[in-house]
Amino acid sequence: MKFDNYMVLQFPSKSCNEAFARSAVACFAAQLDPTMEELGDIRTAVSEAVTNAIVHAYPDELGTVTVRCRILKDNVLDIVVKDKGIGISDVEQAKRPMFTTGGADRSGMGFTIMESFMTAFELSSELGKGTTVHMRRKLSRRQ
Amino acid sequence: MQFTSFLENGKLTIALNGEIDHHCAKQYIQSIAAKIEAYTPDICILDFQEVSFVDSSGIAVVINALRNMSQIEGRLMLSGISDQPMRVFRASGIDKIVEIKEAVS
Ligand SMILES: Nc1ncnc2c1ncn2[C@@H]1O[C@H](COP(=O)(O)OP(=O)(O)OP(=O)(O)O)[C@@H](O)[C@H]1O
Ligand SMILES: [Mg+2]
């Protein structure tokens, strides 16, 4: 697919990288001249996907998280968040609101938020191989 | 992470600040629980005025505070919520289970 610009981030699954990842993607998205609301939605969806990779994908060790962003035609930001962790056995169940394997400090709303804040959302996963979240957000053209 | 809180006539106000994500949420959950346990207020207000970002980890902070307050048969209220946190609370339905107070000037 034709694209105008792209960037790739790679970092270990440490929680201090959550703020870094969502801020870096927001900085990259700034060239599309997004509204405050659009930028907030992008930061939130990236935070959810990256936090999942950090919390769930590598429960007992550190692993690598990759975030890839592309700018597609018609002001579309394309975001892929990928890990090589434990994977998800049932992706439909995982996407259900309030489903969590995480206990009292998780709410099970991460995928629900990604789906509602992005214009396209796709979750794919293989047990023992890893998980990929693919999201797109079409941005309004201002001025 | 640090926050201020004050107690006045059984009303405990806790002013949160910064970005509430998974990296800091656990500390917030524990500190809020400790304050509620120490003061057993009738009402607890979580003030979001200085909070610039929340994700689903922030939802867990609110739900845990709600649980702490219902254990002592008190009320939980949220105040001063700006646009980004409000969109997250709406998307998750939190706005339907917790009282949200408009910011008073
Ligand atoms: N990258 C991943 N690797 C393995 N399992 C995952 C991954 N992402 C999500 N999951 C599984 O899917 C479930 C649902 O994820 P979701 O983000 O919706 O909720 P949560 O992370 O449990 O809670 P919250 O996001 O509200 O803090 C998780 O509890 C976990 O079991
Ligand atoms: Mg999550």
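- Placement of B:Ile20 and B:Met86 within a single hydrophobic cluster is found when ILVMFWY residues are connected by side-chain heavy-atom separations under 4.5 Å, directly or transitively.
- Environment of CD in B:Glu73: sparse, with no more than 12 heavy atoms of neighbouring residues, nucleotides or ligands closer than 6.0 Å.
- Heavy-atom distances place no part of A:Leu39 under 4.5 Å from chain B, backbone and side chain included.
- Within the 4.5 Å cutoff, side-chain heavy atoms of A:Asp41 are placed close to those of B:Arg87.
- If you measure heavy-atom distances from B:Ser82 to chain A, you find no contacts under 4.5 Å at all.
- For the pair B:Glu19/A:Glu18, no side-chain contact is recorded, criterion being any heavy-atom separation below 4.5 Å from C-beta on.
- Both the backbone and the side chain of B:Asp55 come within contact range of chain A, each with at least one heavy atom under 4.5 Å from a heavy atom of that chain.
- Looking only at side-chain heavy atoms (C-beta outward), B:His22 and A:Val55 come within less than 4.5 Å of each other.
- Proximity to chain B (any heavy atom under 4.5 Å) is shown, for A:Thr44, by both the backbone and the side chain.
- Linking Ile, Leu, Val, Met, Phe, Trp and Tyr residues whenever their side-chain heavy atoms come within less than 4.5 Å leaves A:Leu62 and A:Ile54 in two separate clusters.
- Residue B:His23 holds its NE2 atom at 14.0 Å from CZ of A:Phe20, rounded to the nearest 0.5 Å.
- Dense packing is recorded around CD of A:Gln31, with more than 12 heavy atoms of other residues, nucleotides or ligands lying under 6.0 Å away.
- Atom NZ of A:Lys84 is surrounded by 12 or fewer heavy atoms from other residues, nucleotides or ligands within 6.0 Å.
- By the neighbour-count criterion of 12 heavy atoms within 6.0 Å, atom CD of B:Glu99 is densely surrounded, having more than that number from other residues, nucleotides or ligands.
- Residues B:Ile36 and B:Tyr39 are members of one and the same hydrophobic cluster, defined by side-chain heavy-atom contacts under 4.5 angstrom among Ile, Leu, Val, Met, Phe, Trp and Tyr.
- Within residues 124-133 of chain A, no residue has a heavy atom under 4.5 Å from a heavy atom of chain B.
- Heavy atoms closer than 4.5 Å to chain A are found in the backbone of B:Val54, but not in its side chain.
- Note on A:Phe117: it does not cluster hydrophobically with B:Phe53, by side-chain heavy-atom contacts below 4.5 Å among ILVMFWY residues.
- Looking at A:Arg22, only its side chain comes within 4.5 Å of chain B, counting heavy atoms on both sides.
- Residue B:Ala91 touches chain A through both its backbone and its side chain, counting heavy-atom pairs closer than 4.5 Å.
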Got a list of side-chain donor-acceptor pairs under 3.5 Å for residues 96-112 of chain A, not counting sequence neighbours?
from, atom 1, to, atom 2, distance (Å)
A:Thr100, OG1, A:Gly102, N, 2.8
A:Asp105, OD2, B:Lys26, NZ, 3.1
A:Arg106, NH2, B:Ser57, OG, 2.8

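- Follow the hydrophobic side-chain contacts under 4.5 Å out from B:Ile81 and you never reach B:Ile45; the two are in separate clusters.
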